[in-house]
**Q** 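Before I ask anything, let me first share the structure, which is written out below as C-alpha cells.
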There are 2 protein chains.
Amino acid sequence: MGVLEQPAAAAPAPYRRIAAELRARIASGEIRTGEKVPSVRQIAQEWGITASTAGKVLSVLRAEGLVRAVPGVGTVVAAAPGGAPGARTGPPPGRVNGTRPLTRDRIVRTAVALADARGGAALSMRALAAELRVPTMALYRHVPGKDDLVALMADAVFAEAGLSGSAPAGWRGRLEAVARHQWSLYRRHPWLARTVLPAAAAGLMEWAVSPALRQGLEPGAVPRIAATVASYVRGVAVSLTDGPATPDLDPFFTFGLARLLDGVHTYIEQRPAEP
Amino acid sequence: MGVLEQPAAAAPAPYRRIAAELRARIASGEIRTGEKVPSVRQIAQEWGITASTAGKVLSVLRAEGLVRAVPGVGTVVAAAPGGAPGARTGPPPGRVNGTRPLTRDRIVRTAVALADARGGAALSMRALAAELRVPTMALYRHVPGKDDLVALMADAVFAEAGLSGSAPAGWRGRLEAVARHQWSLYRRHPWLARTVLPAAAAGLMEWAVSPALRQGLEPGAVPRIAATVASYVRGVAVSLTDGPATPDLDPFFTFGLARLLDGVHTYIEQRPAEP
DNA sequence: ACCTGAACACCGTTCAAGT
DNA sequence: ACCTGAACACCGTTCAAGT
C-alpha cells in the first residue's frame, strides 16, 4: 500500500466491484466485442457469491449497454455505441499471432480501468503488466515510469469526454456545467482526486468564466474564480475516498456549488472598484 | 514511493528543507532543550552547502524561537514557549540508561515531524524506527499498523492547537477563523490534505456555523455549510502538494474563501422558504 | 511474557544478459 | 538493436525464535 495512502476508496458492494472488474476486462480488450462475458453461474463460482448477486452484476452491465444477452449463446460484449474510434470489432490490422500490440494508449486505458475497478492503491506496474499479459519491463518501453503513467492517466481522463450538450452562454451556467462535469469525472475515477492534476483541469474552468469579462470583470479575477471552483470540486472529491463510512456526497456537492456560485455572482455584479 | 502518489510536496529551497529536518530532530526529542544544534560550519559540511545558506537555516529557527544563540557556546534549543505540557527540560522521570521510553505519543510526534521535514512519501515504518533509534518491530507494540499511525497523526495535528485568540461571535467571523486555522494546519503539514481526515475536522466547522441558527437557519443546513467550507479548504490544500510548479496559493485561498462566505451570507440572509 | 530478527510477499526501477 | 529476467533497494507485516 502507498505511503500515507489509506485503503483507497470505500469498499463498494460486491456486485458493484465485480461489475467494475468485468468493465475493466472489457475496456482493456481482454474480452472483445461479440465475445462472451462470464455467465451468472461462472461469476457466482469465481467470486464466491450467490447467483442472485451474480445476476445483478450482469444487469448492471446490460443497463450500461456494455453487454447484451444473446438467446442460446449467453451474454456478450456489445458493440461500442456511436461507432467511436478505437472501438473496433475483432482484432486490429497490426496484430501478430493473436495478441494485439502493446501501445502507450492501451497501457494507459488499461491502467485507468484497473484503478477504477480495484482502487488506486491496487495499481502497480506488476499488476498492470499481468492484466495486459506482458512482462513488467515491457511497460517501460512505452512509459518512462509510474509517475508519468499516472500523469498520462489523468490527462486521458480529463480529455475523455468534453461537456455533453451545448455550452450555456452565461458564465454561471458554464461554470456550473464544468464543475458538474469534473465532479462526474471524480466520481467515475475516484483515484483522480489525489493525483497531480493536468493543466487541462484549470483551462476548462477558466474558459467557463470568460463571458463575465464582457460584464467588466477584471481579467485577473478569472484564474482566481476558476481555481476556487476547481478546488472546491476537488476537495469534495478527495473526501469521496476518505473511507468506507463516507456518506453520499452528492447533495453536499450540489448545495456547496450553489453557495459558491452565489458568492461569485455577488463579486461579479458589484465589480469592486479596488484593483 | 506510494502508489498513485506523486513526488510528495514541491521540493523546497535547501535552507527550508534543512531547517525542517532540524525542527524534526528537536520535535522528536533527539536534540533537547539546552542542547546544541549543529553549528553553521557543521551544517555547511553535513549537507554540502555554503556557510551563508547554513546561516540562513539557523536564522529561520531563531526567528521561530525554537533555538537561541548562547555567546561562547553556540546555538541551543530554546525552552518551549508558554511552558506547554510535554515540553520538559532534561530527561523524563521514567528514563532508563539514557534512552527515553518509547511511547505512542512520541512515535506519533516523531512521525509528524518526519513527514513535515521529508514529505509524506518519506514516512515509512522503517525510516520512523531509525529516526527513533529503535527496532522497526518495536513500533508495533504501540500502534497496530501504519494506517492507524497515519490516522493518529491526523488526530494529533487537528488537536495540536485550537483557535488562537478569542472566537468571534458571528457565524461569518467564526467560519473564516476556522477555515484559516485549518488552512494553516495544511500549510504546516502538507501531507495532511491527502490523509483520511478525523471527525474533529468537521466538528469545529459545524460549531462555527451554529450562531446562524439563531437567525433562523434550518438546522439541516449547518453540516452542509460546514462541509462546503471544509471541502474548499482541503481542495486548495491538496493542490498545495501538486508539484514543484505550484504557485503561491495564499492569495487564491483568501479570494475563494471570501466568495464562499459571500455565498453563505446570501443563503443565510434570504432564509429560503423551500425545505 | 515480552521483545524482535528473519522471513514473506510485495513495490519501482536498473542493468546486464539474452536474442 | 531490441527485449526482458534477474537483481537491487526498498516497502508493511507475520511469526517464530530468542531472552
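Chain identifiers are assigned alphabetically (A, B, ...) following the order of the sequence lines, protein sequences preceding nucleic acid strands; residue numbering begins at 1 within each chain.
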**Q** Output all residues satisfying side-chain hydrogen bond (donor to acceptor under 3.5 Å, both in side chains) with B:Arg126, sequence neighbours left out; order by chain, then residue number.
**A** none

**Q** How many Å lie between OH on A:Tyr140 and C1' on C:dT13, as a whole number?
**A** 5 Å

**Q** Show the distances under 3.5 angstrom between N or O atoms of the protein and N or O atoms of nucleotides 2-5 of chain D.
**A**
residue	atom	partner	partner atom	Å
D:dC3	OP1	A:Arg141	NH1	3.4
D:dC3	OP2	A:Arg141	NH1	2.7

**Q** Rounded to the Å, how far apart are A:Lys146 NZ and C:dC11 P?
**A** 9 Å

**Q** Given Watson-Crick or G-U pairs with both distances under 3.5 Å, what dot-bracket string fits DNA chain C, with | for other-strand pairs and [ ] for crossing?
**A** ||.|||||...|||||.||

**Q** Quick one: list whatever passes side-chain hydrogen bond (donor to acceptor under 3.5 Å, both in side chains) with A:Ser231, sequence neighbours left out.
**A** none

**Q** Do B:Val157 and B:Met153 pass the side chain to side chain contact (heavy atoms under 4.5 Å, CB included) test, and can you show the C-alpha distance, the side-chain angles, and the key distance before you say yes or no?
**A** CA-CA 6 Å; B:Val157 164; B:Met153 289 167 66; 5.6 Å; no

**Q** Testing the basics here: between B:Met125 and B:Gly145, what is the closest heavy-atom pair and its distance to 0.1 Å?
**A** CE-C, 4.4 Å

**Q** B:Ile107 has an atom CD1; how far is it from atom P of D:dG12, in whole Å?
**A** 14 Å

**Q** Within this structure, what is the CG-to-P distance between B:Leu123 and D:dC10, rounded to whole angstrom?
**A** 16 Å

**Q** For B:Leu128 and D:dT13, give me the distance from atom CG to atom P, rounded to whole Å.
**A** 12 Å

**Q** Restricting to side-chain hydrogen bond (donor to acceptor under 3.5 Å, both in side chains), what partner residues turn up for A:Asp105, sequence neighbours left out?
**A** A:Arg109

**Q** Can you name the residues that form a ring-ring contact (aromatic ring centres under 6.0 Å, His included) with B:Phe253, not counting sequence neighbours?
**A** B:Trp183, B:Tyr232

**Q** Would you call B:Asp242 and A:Arg234 a salt bridge, taking side-chain N to carboxylate O under 4.0 Å as the test?
**A** yes

**Q** How far, in whole Å, is D:dG18 from C:dC8 if one measures between their P atoms?
**A** 16 Å

**Q** Got a second to check how far A:His181's NE2 is from A:Leu204's CG, nearest 0.5 Å?
**A** 6.5 Å

**Q** Hey, does the side chain of B:Arg194 reach the backbone of A:Arg194 with a donor-acceptor pair shorter than 3.5 angstrom?
**A** yes

**Q** In whole Å, I'd like the distance from the CZ atom of B:Arg126 to the C1' atom of D:dC11.
**A** 6 Å

**Q** Using atom CG of A:Leu114 as one end and atom P of C:dC11 as the other, report the distance to the nearest whole Å.
**A** 11 Å

**Q** Using atom CG of B:Leu149 as one end and atom C1' of D:dC11 as the other, report the distance to the nearest whole Å.
**A** 15 Å

